[in-house]
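Worth knowing before you read on, the calculation uses all heavy atoms, side chains too, and leaves out hydrogens, waters and symmetry mates. Just so it is clear: chains get the letters A, B, ... in the order the sequence lines come, proteins before strands, and each one is counted from 1. Predicted model, so just to flag it, every value in this text is computed and none were measured.
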2 protein chains.
Amino acid sequence: MRNAEATKEKILEAAMAEFSAYGIAGARVDRIAKMAKCNKNMIYIYFENKEQLFSTVLEMHLTRVYEAFDFTPEDLPGYAARVFDFMMANPELMRLMTWFALEQKTEQLDQRKEAHNRKIAELAKAQETGHIGTDFSPAFLLTSIMVLATAWMPTNPFGPSIDPASAGKTDELREAIMRAVGRLAGEPAPKENR
Amino acid sequence: MRNAEATKEKILEAAMAEFSAYGIAGARVDRIAKMAKCNKNMIYIYFENKEQLFSTVLEMHLTRVYEAFDFTPEDLPGYAARVFDFMMANPELMRLMTWFALEQKTEQLDQRKEAHNRKIAELAKAQETGHIGTDFSPAFLLTSIMVLATAWMPTNPFGPSIDPASAGKTDELREAIMRAVGRLAGEPAPKENR
DNA sequence: GTATACTAACTAACTGGTTAGTTCATAATA
DNA sequence: TATTATGAACTAACCAGTTAGTTAGTATAC
């Protein structure tokens with residue numbers, strides 16, 4: 001069976017599993033080849049080297065995220081819930097991002113930077129128009145939201161290890177995260193609560 | 001110069017630098033020996049093997065943390081500020097913890113677990129006595145606090161990379177984190193906002 | 001239609017450098 | 001002299017990346 005595209009696909013899939021499990025330094029090219037049921041050399045033909053392969057895998061999946069759900073500055077709890085659900089369903093991606101943050105050699109991904117700047121601009125506008133509170137800066141808000149939404153991932157040193165009971169209670173957790181984000185973003189005009 | 005204790009100390013110091021920089025898989029024992037200006041063999045005499053050395057370094061520094069500052073359930077913003085300052089001053093420890101969370105082989109550290117359970121119990125009591133709000137569970141609160149206090153560390157994929165401008169503004173950041181924690185923990189009876 | 005030439009996809013075996021861990025002779029100390 | 005600390009050299013395994021060669025598919029020529 002000769003099929004370049006299929007082989008590339010299998011390599012990328014295996015690489016995702018390997019890198020998210022072991023990071024760049026810990027990943028083994030031989031193991032990726034074996035998992036992809038292809039020859040090791042094909043990896044070097046299609047993807048230069050190990051680091052290049054990692055970058056390709058990471059960017060591919062990040063692109064998938066950016067297309068998966070959109071940012072709604074007027075409904076930040078809803079956005080947090082979507083991030084939470086997505087990350088819970090894709091723990092491998094979270095691991096990949098964390099490995100990258102730890103192992104990165106000062107490089108930054110333009111793609112992510114742009115996406116963040118766009119969101120921050122939207123938040124600023126939402127603050128001006130009074131849709132959300134102005135107690136926190138847009139950048140602070142965005143970071144807080146992302147951090148709260150991903151706090152219960154296994155990659156977080158303070159997440160499940162603090163709160164092992166949360167393991168099964170996904171719904172309660174999402175609901176609490178949404179309320180927390182609501183508190184920070186400032187309930188534009190809820191008149192009263194409870 | 002013959003001094004076993006001093007050699008052990010130097011090895012531990014070098015190991016901390018190496019492991020926090022490269023993780024377990026990426027760390028090189030030869031590099032640690034060179035940095036500690038000791039022979040590689042000494043490492044194996046004093047600390048069994050590489051993984052054992054890592055565990056020793058991690059536990060040692062975690063103990064240091066637990067003794068460094070105490071938990072004040074009635075002043076959670078203050079606690080968050082202390083965690084923030086400590087972590088900002090010790091970014092290496094945060095990296096070490098993150099490497100561990102990624103590389104761990106399902107082991108849990110009893111020491112940490114105990115410390116967390118104690119804090120959660122204190123939070124529960126503080127809720128009963130009305131010192132803090134009851135909108136969020138103690139475990140949720142504690143995780144949120146830790147996560148917010150450490151969100152702007154370089155290890156966080158959503159921290160400085162989202163908000164590079166925060167680099168120099170430590171004071172503003174701490175103040176915002178304290179307010180955020182206050183929002184989540186405080187105001188037992190928030191009648192209205194704005 | 002079938003023989004030939006050409007190319008893309010793939011493979012097995014190898015290479016050179018690295019790395020965790022060991023051995024053993026020597027030096028310091030008591 | 002006996003014990004312990006130390007370091008240089010060593011070893012076996014590992015691993016990223018390479019090489020030289022094979023196989024399958026496809027186009028061209030007769």
OP1 or OP2 of [N] versus the side-chain N and O atoms of [X]: is any pair under 4.0 Å?
X: Tyr46(B); N: dT6(D); answer: yes
X: Arg28(A); N: dA16(D); answer: yes
X: Thr7(A); N: dA9(C); answer: no
X: Tyr44(B); N: dT23(C); answer: no

Given atom [atom1] of [X] and atom [atom2] of [N], what is their separation to the nearest angstrom?
X: Asp30(A); N: dA12(C); atom1: CG; atom2: C1'; result: 12 Å
X: Lys50(B); N: dC14(D); atom1: NZ; atom2: P; result: 14 Å
X: Asn41(A); N: dT23(D); atom1: CG; atom2: P; result: 17 Å
X: Phe47(B); N: dG21(C); atom1: CZ; atom2: P; result: 14 Å
X: Ile45(A); N: dA20(D); atom1: CD1; atom2: C1'; result: 12 Å
X: Met42(A); N: dT22(D); atom1: CE; atom2: P; result: 17 Å
X: Asn39(B); N: dC24(C); atom1: CG; atom2: P; result: 16 Å
X: Glu18(B); N: dT19(C); atom1: CD; atom2: C1'; result: 12 Å

Ion pair check, Glu175(A) and Arg179(A), cut-off under 4.0 Å: yes

Salt bridge present between Arg174(B) and Asp171(B) (N-O < 4.0 angstrom): yes

Donor-acceptor contact below 3.5 Å, side chain Asn3(A) vs main chain Glu5(A): yes

Any donor-acceptor pair under 3.5 Å from Trp99(B) side chain to Ser20(B) backbone: yes

hydrophobic_cluster_shared for Leu102(B) and Leu93(A), side chain cutoff 4.5 Å: no

Touch class at under 4.0 angstrom, heavy-atom based, for Ala27(A) against every strand present: sugar-phosphate

First of Arg31(A) and Glu48(A) reached from the 5' end of DNA chain D, by closest nucleotide: Arg31(A)

Base of dG7(D) paired with side chain of Lys40(B) (donor-acceptor, under 3.5 Å): no

